Amino acid sequence: MATVRAWTYDGTELAWLQERLGRSGTGPGHVVSELVPSGFEAYVRIFHRFEAVDGSGRTRRWRTWAEEGGIAFHSELSHLSLPDEHDAAGEPVWQTEEGDLDDRSRGALARLLAGMTGDQEVYFAYDLAALCRGEEEPLVRRSCLTDLESVREEVKGRVGSDGPEFWWPQDRSWVVTTDYDLLSTYVGCSNETAEQILGDDELEALPVTSRTRVDWYADRRQGRAAVPTPRR
């Protein structure tokens with residue numbers, strides 16, 4: 001019989017965060033409150049860039065792809081609702097990473113948050129990734145935001161090259177969550193910080209609420225493939 005591993009967060013740096021996470025309740029799917037702690041003024045979804053699989057370095061934004069296919073760009077948009085695009089061999093032309101905010105977006109977000117955070121220490125935490133890799137407890141590193149890439153490099157031999165799953169400053173004024181299975185990153189923060197994220201040209205972001213669906217089938221309820229673009 002298979003053994004299911006689990007751990008307690010008591011006494012770990014993630015205890016406060018886990019205590020403030022909600023559950024989806026009786027509704028279908030999963031929501032923001034399961035990923036980002038309660039108590040923030042604002043919540044934001046950051047879409048992970050798509051990259052061309054041909055190695056050319058080309059990127060594509062969700063809004064562009066959606067609008068070209070006649071689909072509305074909205075806060076619960078699923079990648080499954082975007083039009084299919086395959087090459088002659090039937091392989092996808094574009095891809096993005098589960099559980100890993102793309103390099104450009106991650107760098108832009110770190111720079112933006114550094115301006116709001118000052119010289120505070122920041123916590124970088126690996127939860128499910130650590131569990132899946134056989135760690136005995138969540139893996140947490142503390143450093144400044146400018147060391148984010150160094151932290152990722154240091155721990156990749158233990159938890160892989162994705163993540164962190166959670167990062168937050170000492171004063172807990174914001175939390176960034178990149179779930180292990182999702183193609184977007186979610187942020188809980190102040191209204192001021194949310195405005196800066198939404199206004200940053202390097203970040204493709206939309207405001208969300210704690211009840212916004214986050215799962216792959218969020219906008220495919222009741223057989224509806226996607227939200228069509230309204231007719232003018």
Side-chain angles (χ1 to χ4, degrees), residues 1-40 43-48 78-80 95-103 105-106 109-110 113 121-145 147-170 172-189 208 210-218:
M1 181 183 229
T3 301
V4 178
R5 292 186 67 239
W7 53 38
T8 176
Y9 295 99
D10 294 345
T12 73
E13 303 285 9
L14 277 170
W16 76 272
L17 189 150
Q18 292 294 325
E19 289 170 0
R20 284 170 51 179
L21 292 182
R23 296 294 175 261
S24 59
T26 58
H30 299 279
V31 296
V32 170
S33 64
E34 297 177 70
L35 304 177
V36 188
S38 61
F40 290 103
Y43 295 88
V44 177
R45 175 183 178 180
I46 300 175
F47 296 79
H48 299 179
S78 167
H79 66 290
L80 299 178
Q95 67 178 7
T96 189
E97 296 294 330
E98 298 173 18
D100 195 28
L101 184 59
D102 62 274
D103 293 348
S105 298
R106 188 175 61 251
L109 181 60
L113 292 175
E121 233 179 11
V122 174
Y123 296 78
F124 303 105
Y126 294 79
D127 185 12
L128 183 58
L131 179 64
C132 292
R133 294 297 186 99
E135 296 289 328
E136 295 302 317
E137 63 180 12
L139 183 63
V140 181
R141 292 289 183 266
R142 288 183 290 177
S143 191
C144 58
L145 266 174
D147 288 339
L148 170 57
E149 297 307 316
S150 297
V151 169
R152 283 166 51 88
E153 183 65 24
E154 177 204 340
V155 303
K156 72 178 184 180
R158 296 174 63 179
V159 292
S161 59
D162 296 344
E165 290 168 70
F166 301 100
W167 23 312
W168 69 91
Q170 200 163 24
R172 301 175 183 174
S173 56
W174 49 261
V175 172
V176 176
T177 301
T178 304
D179 186 83
Y180 199 71
D181 292 322
L182 299 182
L183 304 178
S184 290
T185 289
Y186 293 83
V187 184
C189 56
V208 294
S210 62
R211 304 306 301 166
T212 300
R213 286 269 299 271
V214 302
D215 54 280
W216 287 15
Y217 301 95

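Since this is a predicted model, take the numbers as computed values, not measurements.
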Worksheet item: At what distance, to the nearest 0.5 angstrom, does NE2 of H48 lie from CG of D103?
Response: 11.5 Å
Worksheet item: Atom CZ in R133, atom OH in Y126: separation rounded to 0.5 Å?
Response: 11.0 Å
Item to complete: Using side chain to side chain donor-acceptor pair (under 3.5 Å) as the criterion, list what pairs up with S150, not counting sequence neighbours.
Response: none
Worksheet entry | Spacing of CG belonging to L128 relative to CD belonging to E135, to within rounding of 0.5 Å | 12.5 Å
Worksheet item: Hey, does the side chain of Q18 reach the backbone of A15 with a donor-acceptor pair shorter than 3.5 angstrom?
Response: no
Fill in: side-chain contact (heavy atoms from CB on, under 4.5 Å) assessment of L139 paired with R158
CA-CA 9 Å; L139 183 63; R158 296 174 63 179; 3.7 Å; yes
Worksheet item: Out of curiosity, W16 CH2 to R172 CZ, how far, rounded to the nearest 0.5 Å?
Response: 5.5 Å
Practice prompt. Measure up the F124 and W167 rings against each other and bin them: parallel (under 30°), tilted (30 to 60°), perpendicular (over 60°).
Written response: tilted
Discussion item. When you compare the side chain of H30 with that of W216, does any pair of heavy atoms fall below 4.5 Å?
Written reply: no
Practice prompt. To the nearest 0.5 angstrom, please state how far the CG atom of L14 sits from the CZ atom of F166.
Written response: 6.5 Å
Discussion item. Could you report the tightest heavy-atom contact between V176 and V187, atom names first, then the distance?
Written reply: CG2-CG2, 4.2 Å
Practice prompt. Go through the steps for T212 and Y43 under the test side-chain contact (heavy atoms from CB on, under 4.5 Å), then give the verdict.
Written response: CA-CA 10 Å; T212 300; Y43 295 88; over 6 Å; no
Practice prompt. Could you list the residues that satisfy side chain to side chain contact (heavy atoms under 4.5 Å, CB included) with D100, not counting sequence neighbours?
Written response: E97, R106, R152, D162
Worksheet item: Quick one: does L35's side chain get under 4.5 Å of L21's, heavy atoms only?
Response: no
Practice prompt. Could I get the full list of side chain to side chain donor-acceptor pair (under 3.5 Å) partners for S105, not counting sequence neighbours?
Written response: R49, D102
Item to complete: Mind listing the closest non-hydrogen atom pair of F47 and S184 along with its distance?
Response: CA-OG, 3.8 Å
Worksheet, complete the sentence: In short, S143 meets V151 closest at the heavy-atom pair CB-CG2, 4.3 Å
Fill in: Step-by-step side-chain contact (heavy atoms from CB on, under 4.5 Å) determination, L109 to L101
CA-CA 10 Å; L109 181 60; L101 184 59; 4.1 Å; yes
Practice prompt. Give a yes or no on whether the backbone of D179 and the side-chain of T177 come within a donor-acceptor separation of less than 3.5 Å.
Written response: no
Fill in: Shortest non-hydrogen separation from A130 to P138 and the atoms involved
CB-CA, 4.4 Å
Worksheet entry | Side chain E165, main chain D127, donor-acceptor under 3.5 Å | yes
Worksheet entry | Chi angles and distances behind the side-chain contact (heavy atoms from CB on, under 4.5 Å) call for V208, V44 | CA-CA 5 Å; V208 294; V44 177; 5.6 Å; no
Response to the item:
In short, Y186 meets R213 closest at the heavy-atom pair OH-O, 4.4 Å
Item to complete: Taking the side chain as every heavy atom from C-beta outward, state whether T96 and H79 have any pair of such atoms under 4.5 Å apart.
Response: no
Worksheet, complete the sentence: Rounded to the nearest 0.5 angstrom, the CD-CG distance for E153 and D147 is 13.0 Å
Practice prompt. Locate the shortest heavy-atom distance separating E13 from W168; write the atom from each residue and the value.
Written response: O-CZ2, 3.5 Å
Worksheet item: Can a donor-acceptor pair be found between the side chains of S33 and S210 at a distance below 3.5 Å?
Response: no
